[in-house]
Amino acid sequence: MELVNILSKVVKENLTTKKILLEYPESTVKKLLDKFTKETDETEDVIRKTISDFERFKSSLSNEDKDIFKHSYEKIKSLIKDKSTQQKTKKDLDGLVQDYIAKNKGVDLQLTKNNIKKFFEIKTNLPQAREFKSDVTNINPSELNSLVQRYFTKFNNQGVNELIVAIAQKFHDENPDEDVMTTILPRVKRFVKHYDLIPLNAKLSKLMNFIEFEHIVDGYTPMEESEYTVPEVDTSDVDIAYEDDDILIFAPDQKHKCINIRKKFAPDRRWCTSWEGSSNYYYNYRLNQNLTLYYVIQKNLPQTDLNYATVVLVDKYGGMRLADGSNSGRYAGGNELPWSEIVSKVPALEGKKDYLEAKPYDGEDEAKLKKYKSYNLNTTDPISELGSLEEVELWLELRSPDLKSTPRGDEIFGNFPEELQKKYIGLGNELSAGMVRVLTPSAMGYYISKKREKLLQKTLKDLNENDMEIILSKEMRPYYKSLKEKFANELNNQFGDIIQIKYPSDTSAKYIRMFGMNELLDSIPDTTILFEVDNTSNDKVIFDIPDSIGKLTNLQTLVFNNCINKLPETVGNLTNLQFLTLTNNEELTTFPNSVVDLRCLLFISVENSPIDIEILPEEFKRYVDTSADTFWPVNYPDEMKGDCLL
């Protein structure tokens with residue numbers, strides 16, 4: 001099997017409860033279950049399996065990562081996934097190489113490994129390239145070397161490398177907040193140019209997220225001279241706490257000052273207090289956590305050193321945290337550290353602790369904090385109400401409003417500019433289906449990049465309205481067919497003669513919401529006498545009723561509540577229908593002419609639907625009593641009723 005298929009395939013394992021027969025006693029497992037069930041909706045069996053997998057991979061983790069209690073559930077799953085993928089990649093690459101060598105005696109082992117890995121880098125990022133459709137082991141060594149080098153070095157007439165563009169586009173689609181020209185593209189160019197320096201057991205770029213890609217590229221490839229260029233940014237308004245020949249300590253007191261320090265001195269750093277756009281959380285650190293920020297530049301170190309530029313965060317009691325160039329693990333600004341450890345990372349700070357004093361927020365900041373912590377909008381236009389985009393951003397970080405549960409929250413969210421939509425998502429908030437519908441294209445891509453992996457693992461039963469709206473987005477089209485097949489296998493199609501489908505609680509209703517009613521109607525027996533579809537949610541979904549509904553010729557009762565905007569002409573085939581209920585369908589403004597053929601019909605209910613006597617077919621009107629507003633008796637003369645089941 002080719003490497004890309006092996007790496008891309010979802011490993012399906014039996015998730016029945018397994019006793020963990022490694023180091024964890026049952027008492028420890030129970031503590032972990034108590035911790036993780038608060039962080040995930042997954043079943044106990046799945047959580048136990050995850051704990052077991054973590055224990056299996058623990059020996060290969062760094063000492064810092066071996067303590068399972070230190071991690072969130074999502075972090076543990078990420079660690080397991082990384083180790084599992086690394087193992088499979090190495091194993092499968094080695095297997096292909098051995099097959100290749102067996103066919104081509106005397107080839108260079110290292111060159112063969114590199115070329116096969118390059119083959120799959122190109123194949124996964126450029127699936128349209130015909131040269132990569134065949135089995136790599138059937139390509140002779142000379143052709144393989146020529147083929148991969150052409151794609152790794154070839155530029156078109158416009159000076160564009162197709163592989164570089166494809167990889168950069170992939171990471172830009174997943175991380176629309178990242179600046180393509182300064183953050184993504186330079187790293188992709190280094191990745192392609194210096195691919196032979198990338199570890200063979202690293203994942204394919206198509207299977208990495210941008211953080212993983214960034215760490216691999218920065219860790220194994222040399223920066224180009226142009227990447228050392230410091231942008232022209234004015235930092236003259238930033239207070240300097242201390243400076244000598246070895247160190248420069250900035251004391252910024254506003255968000256834009258933090259941004260400018262990073263842009264001028266450390267443009268490749270990823271600190272969330274100094275990033276531009278929706279990924280900036282300065283207010284959360286400064287006001288919510290009451291931290292004083294110091295940006296520290298060690299002048300005697302190269303810019304590529306993790307400790308060249310760091311951020312020291314001081315709480316109101318003098319406790320200190322540190323964010324270095326990796327901005328991860330112990331040095332991500334979230335762990336209080338002893339001064340001795342900070343100095344070991346930043347030796348130039350020795351003897352300068354007094355310059356890093358705590359400066360709790362002042363009266364003006366405290367007033368903002370009090371105002372926005374409890375502020376509820378009075379209108380649906382937050383920028384007009386609060387005065388500026390920055391004030392709304394401040395409100396979002398300090399108030400953390402739950403717009404999903406707020407009256408007219410969908411409308412408020414729809415009035416956010418793209419940057420604030422991303423900010424709201426970046427703060428970890430869930431969206432309603434209505435909010436998903438008003439996402440800008442870029443914000444939709446950003447949201448899906450955060451939701452995709454977990455969404456693809458959900459069962460049909462576990463999907464909510466928000467999830468279904470995402471699945472219907474164009475960004476999820478590559479997964480549409482496989483999800484349809486997966487969810488179809490989860491349906492229980494053992495229907496009786498009475499079928500009642502409630503949206504959004506029933507799995508059948510969820511399926512037809514996303515994939516239509518055709519397959520469902522194909523599985524309904526012709527003997528069905530009652531068919532009801534009822535939307536009980538606030539989500540204004542519209543189900544398309546296919547022509548095949550006309551096959552239910554024994555149907556006596558048909559109910560569509562709050563879920564349709566038209567009926568097909570084939571309802572005229574339901575010649576045994578007695579009761580037709582079309583309530584709460586606000587977009588139902590037409591009526592099929594074939595209704596005149598329903599000679600067994602006794603009543604029509606159109607409560608809260610815009611159907612009146614004028615919409616009814618002329619030939620049908622004479623038999624309908626519309627004296628009541630919404631519940632109309634139908635009175636065909638006996639000679640027209642024929643064989644009706646009365």
Side-chain angles (χ1 to χ4, degrees), residues 495-503 508-509 512-513 516-518 520-536 540-646:
F495 295 111
D497 292 342
I498 296 179
I499 300 173
Q500 295 175 292
I501 297 173
K502 305 288 185 181
Y503 178 85
S508 295
I512 64 176
R513 165 77 176 96
M517 200 177 285
N518 283 299
L520 183 74
L521 285 174
D522 288 344
S523 61
I524 292 177
D526 295 342
T527 55
T528 300
I529 60 173
L530 183 149
F531 182 58
E532 175 183 355
V533 182
D534 184 8
N535 173 20
T536 61
K540 297 300 181 184
V541 299
I542 298 296
F543 296 147
D544 185 21
I545 311 304
D547 290 343
S548 55
I549 195 170
K551 75 164 193 169
L552 303 178
T553 54
N554 289 304
L555 206 61
Q556 298 177 29
T557 301
L558 179 61
V559 179
F560 291 123
N561 178 61
N562 189 26
C563 63
I564 65 169
N565 60 7
K566 64 179 179 179
L567 282 174
E569 287 293 333
T570 53
V571 296
N573 296 343
L574 310 180
T575 52
N576 286 305
L577 194 66
Q578 300 176 28
F579 302 96
L580 179 60
T581 299
L582 305 170
T583 51
N584 300 302
N585 296 296
E586 297 177 359
E587 298 182 26
L588 182 62
T589 57
T590 62
F591 220 70
N593 291 323
S594 62
V595 71
V596 71
D597 296 324
L598 303 181
R599 303 298 174 84
C600 295
L601 199 59
L602 300 177
F603 296 100
I604 298 177
S605 177
V606 293
E607 184 176 6
N608 295 325
S609 295
I611 298 292
D612 59 34
I613 189 65
E614 299 305 321
I615 292 175
L616 299 181
E618 287 296 329
E619 188 179 349
F620 185 61
K621 287 180 185 178
R622 69 184 74 173
Y623 307 115
V624 180
D625 179 3
T626 58
S627 58
D629 289 338
T630 58
F631 191 74
W632 300 336
V634 180
N635 300 300
Y636 280 105
D638 291 343
E639 61 270 18
M640 295 181 64
K641 291 182 179 180
D643 298 326
C644 291
L645 303 176
L646 299 178

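- Using bins of under 30°, 30° to 60° and over 60° for the plane-to-plane angle, the ring pair Y636/F620 lands in the tilted bin.
- I545 and K566 get closest at one heavy-atom pair: CG1-O, 4.2 Å.
- A distance of 11.5 Å separates OG1 of T557 from CG of L574, quoted to the nearest 0.5 Å.
- Looking at L582 and F591, their side chains come closer than 4.5 Å, going by heavy atoms from C-beta outward.
- Going from atom CG of L552 over to atom CD1 of I499 covers 7.5 Å, rounded to the nearest 0.5 Å.
- For the residue pair R513 and V541, the shortest heavy atom distance occurs at NE-CG1, 3.0 Å.
- Side-chain atoms of S594 and T570, non-hydrogen and from C-beta on, never get closer than 4.5 Å to each other.
- A donor-acceptor pair shorter than 3.5 Å can be found between the side chains of T583 and N561.
- More than 12 heavy-atom neighbours from other residues, nucleotides or ligands sit within 6.0 angstrom of CD on Q500.
- Here the side chains of V595 and V571 are not in contact, with every heavy-atom distance at 4.5 Å or above.
- A 4.5 Å side-chain heavy-atom check between L598 and V634 finds every atom pair outside the cut-off.
- A side-chain donor-acceptor contact under 3.5 Å links N576 to the backbone of T553.
- At least one side-chain heavy atom of I529 sits less than 4.5 Å from a side-chain heavy atom of I498.
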query = Checking side chain to side chain contact (heavy atoms under 4.5 Å, CB included) for the pair I611/W632: CA distance, chi angles, key distance, verdict?
reply = CA-CA 11 Å; I611 298 292; W632 300 336; 3.9 Å; yes
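- To the nearest 0.5 Å, atom CG of residue L558 and atom CD of residue Q578 are 12.5 Å apart.
- In terms of heavy-atom proximity, N584 sits nearest to S609 at N-OG, 3.3 Å.
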request  = Begin with the C-alpha distance, continue with both residues' side-chain angles, and end with the deciding distance and a verdict on side chain to side chain donor-acceptor pair (under 3.5 Å) for T527 and D497.
outcome  = CA-CA 6 Å; T527 55; D497 292 342; 2.7 Å; yes
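- Remark: the backbone N or O of N593 is paired with a side-chain donor or acceptor of E569 at under 3.5 angstrom.
- L588 has its side chain out of reach of F560: every pair of non-hydrogen atoms, C-beta onward, lies at least 4.5 Å apart.
- In this structure, L530 CG and N554 CG are separated by 13.0 Å, a value rounded to the nearest 0.5 Å.
- Minimum interatomic distance between L521 and S548 (heavy atoms only, all atoms of both residues): CD1-OG, 3.4 Å.
- The side chain to side chain contact (heavy atoms under 4.5 Å, CB included) with I501 is formed by just one residue from the set V559, D534, N535, L520; it is L520.
- Here the shortest heavy-atom pairing between P546 and P568 reads O-CG, 3.8 Å.
- Note that the CG atom of D544 and the CG atom of N565 stand 8.0 Å from one another [nearest 0.5 Å].
- Looking at S605 and F579, their side chains never come closer than 4.5 Å, going by heavy atoms from C-beta outward.
- Looking at every heavy atom in both residues, P610 comes nearest to T589 through CG-CG2, 3.9 Å.
- Salt-bridge annotation for K540 and E587: absent, with no side-chain N of the basic residue lying under 4.0 Å from a carboxylate O of the acidic one.
- Proximity of P617 to V596: side-chain heavy atoms (C-beta onward) are nowhere separated by under 4.5 Å.
- Distance CD1/I512 to CE/M517: 3.5 Å, rounded to 0.5 Å.
- Taking the six-membered ring where the residue is Trp, Y503 and F543 present perpendicular rings, their angle passing 60° and hence far from 30°.
- Not a single donor-acceptor pair under 3.5 Å links the side chain of N562 to the backbone N or O of N585.
- More than 12 heavy atoms of other residues, nucleotides or ligands lie within 6.0 Å of NZ in K551, so this atom counts as buried by the packing criterion.
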